[in-house]
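The structure under discussion appears below in the form of structure tokens.
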Amino acid sequence: MPELPEVEVVRAGLVPAVTGASVASVTVFDERSLRRHEGPSEDFIDRMRGVRFAAPERRGKFLWLPFVSEIQEFPTHAGGSNGVSGGERSKSPEFPKDPVGARGDAAELPGEALVVHLGMSGQVLLRDRSTDDRLTRIRLDIVHPTAGALRLNFVDQRIFGSMAINTMLPTRDHPEQLIPAQVAHIARDPLDECFDDALFLKRLGARKTGIKRALLDQTLVSGIGNIYADEALWAARVHYDQPTSTLSRPRAQLLLAEVRAVLVKALGEGGTSFDAQYVNVNGNSGYFSHSLNAYGQQGKPCPRCGTPIVREQFMNRGSHFCPKCQKVSG
DNA sequence: AAGTAATCCTGATCGC
DNA sequence: TGCGATCAGGATTACT
């Protein structure tokens with residue numbers, strides 16, 4: 001289950017290969033992976049071709065590759081010797097409408113980005129042009145100025161993930177920062193330097209729900225999924241169904257600190273993977289699964305007190321906790 | 001309005 | 001060996 005650390009590993013892995021690279025060709029093998037793209041696959045393919053990427057960015061579990069806007073593009077020799085820029089770009093007659101109008105005025109163009117969400121089982125694999133991966137739903141062949149011809153395979157078994165082209169908007173709290181429109185409702189993640197601890201604690205206290213529900217609500221705090229929610233709750237000794245309004249401020253602050261600690265530690269170990277469901281851009285697994293204290297540890301002794309870890313169904317997923325260390329307090 | 005349930009989705013694995 | 005049942009859960013949509 002790719003959560004913040006796993007997505008960040010992917011983002012960091014893509015930076016050297018994608019920044020400054022141009023899209024040579026796009027193949028959509030399963031258009032369900034474009035569910036979040038507004039328009040058919042032909043529209044996606046047509047708009048991707050010839051695009052040049054800036055450095056990949058991330059918020060929570062969302063990843064995006066900004067397009068270098070035309071105004072910023074390096075002056076390049078007209079005609080393009082590599083054959084992938086400009087000239088071949090064709091416009092689909094079914095979708096001639098440019099929402100902004102004046103294509104000629106590059107300064108008026110809104111920024112766009114390729115938004116990627118890995119869902120439950122998504123991977124972005126960086127390959128050479130001769131490598132295919134099973135379950136590849138979308139393939140991007142790119143050309144990097146120094147690394148040359150490369151391939152990005154978007155692999156996704158369960159098709160909960162997606163790719164989409166999306167326009168960029170100013171963020172509410174820091175308008176000089178841009179974010180894809182479909183990510184605008186996602187809260188900043190706890191590793192974001194602009195994350196507002198006081199605002200988070202205030203909103204958390206106002207919720208009328210259980211703490212794990214709140215941690216998994218990406219509009220309150222992003223990047224946390226089932227694994228790291230269970231791990232942070234275990235570390236802070238909080239029961240998953242503890243009402244948010246009953247958490248004392250120090251306890252909530254401790255929990256936030258433990259969330260950060262577990263995310264940072266997992267990031268340092270390359271993320272969590274139990275099998276081939278999550279890998280970095282080179283197809284390698286992370287090691288954090290060796291560091292889990294609660295998630296998936298049902299029946300095994302709690303590393304703190306020895307009481308067997310319990311797994312319960314909650315929110316249509318598993319919740320793992322120590323029944324002795326983590327009790328609902330009131 | 002806010003909180004919660006339903007929905008999507010398929011390869012790997014297991015039991016018989 | 002084959003086959004159906006089971007399992008994993010992030011984000012959005014649809015309700016109450």
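Please read all numbers here as calculations on a predicted model, not as lab measurements. First the proteins, then the strands, lettered A, B, ... as listed; each starts at 1.
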Parallel, tilted or perpendicular: ring planes of A:Y240 versus A:F321, cut at 30 and 60 degrees: perpendicular
C:dG10 OP1/OP2 closer than 4.0 Å to side-chain N/O of A:R317: yes
Atom-to-atom span, CG of A:D156 to P of B:dC9 - whole angstrom: 12 Å
N/O (side chain, A:H185) to phosphate O (OP1/OP2, C:dT12) under 4.0 Å: yes
Spacing of A:R213 atom CZ relative to C:dA11 atom C1', expressed in whole Å: 15 Å
Gap between atoms CG and P, on A:N316 and B:dA5 respectively (whole Å): 9 Å
Between B:dC9 (P) and A:L34 (CG): distance, integer Å: 14 Å
Pair A:D217 + A:R203, salt bridge at N-O below 4.0 Å: no
Proximal nucleotide (of B:dG11, C:dT12, C:dG10) relative to the A:L216 side chain: C:dG10
Sugar-phosphate only, base, or nothing, as touched by A:G318 at under 4.0 Å among non-hydrogen atoms: sugar-phosphate
Nearest-neighbour nucleotide for the A:R158 side chain, C:dG10, C:dA11, C:dA8 considered: C:dA8
Basic-acidic side-chain contact under 4.0 Å: A:D230, A:K212: yes
Check: B:dA2 base within 3.5 Å donor-acceptor of A:R207 side chain: no
Where A:P56 and A:L14 come nearest, the two heavy atoms and their spacing: CG-CB, 4.0 Å
OP1 or OP2 of C:dC7 under 4.0 Å from side-chain N/O of A:R311: no
Spacing of A:E312 atom CD relative to C:dA8 atom C1', expressed in whole Å: 18 Å
N/O (side chain, A:K208) to phosphate O (OP1/OP2, B:dA2) under 4.0 Å: no
Rounded distance (Å) that lies between atom P of C:dA11 and atom CE of A:M315: 11 Å
Protein-nucleotide distance (A:N226, atom CG; C:dC7, atom P), rounded to Å: 15 Å
Salt bridge flag under 4.0 Å for residues A:D133 and A:R139: no
Donor-acceptor pair between A:T131 and A:D128 side chains, under 3.5 angstrom: yes
A:H117 and A:F62 aromatic ring geometry - parallel, tilted or perpendicular at 30°/60° bounds: perpendicular
Pairs flagged by ring pair (Phe, Tyr, Trp, His ring centres under 6.0 Å) wherever residues 189-217 of chain A is involved - sequence neighbours left out: A:F195-A:F200
Nucleotide nearest A:R36 when distance is taken to its side chain, options C:dT12, C:dA8, B:dA12: C:dT12
Overall bend - the helix from B:dA2-C:dT16 to B:dC16-C:dG2, comparing terminal axes fitted on five pairs, nearest 10 degrees: 40°
Touch class at under 4.0 angstrom, heavy-atom based, for A:R203 against every strand present: nothing
Atom pair distance, as rounded to whole Å: CD in A:Q157 and C1' in C:dT6: 14 Å
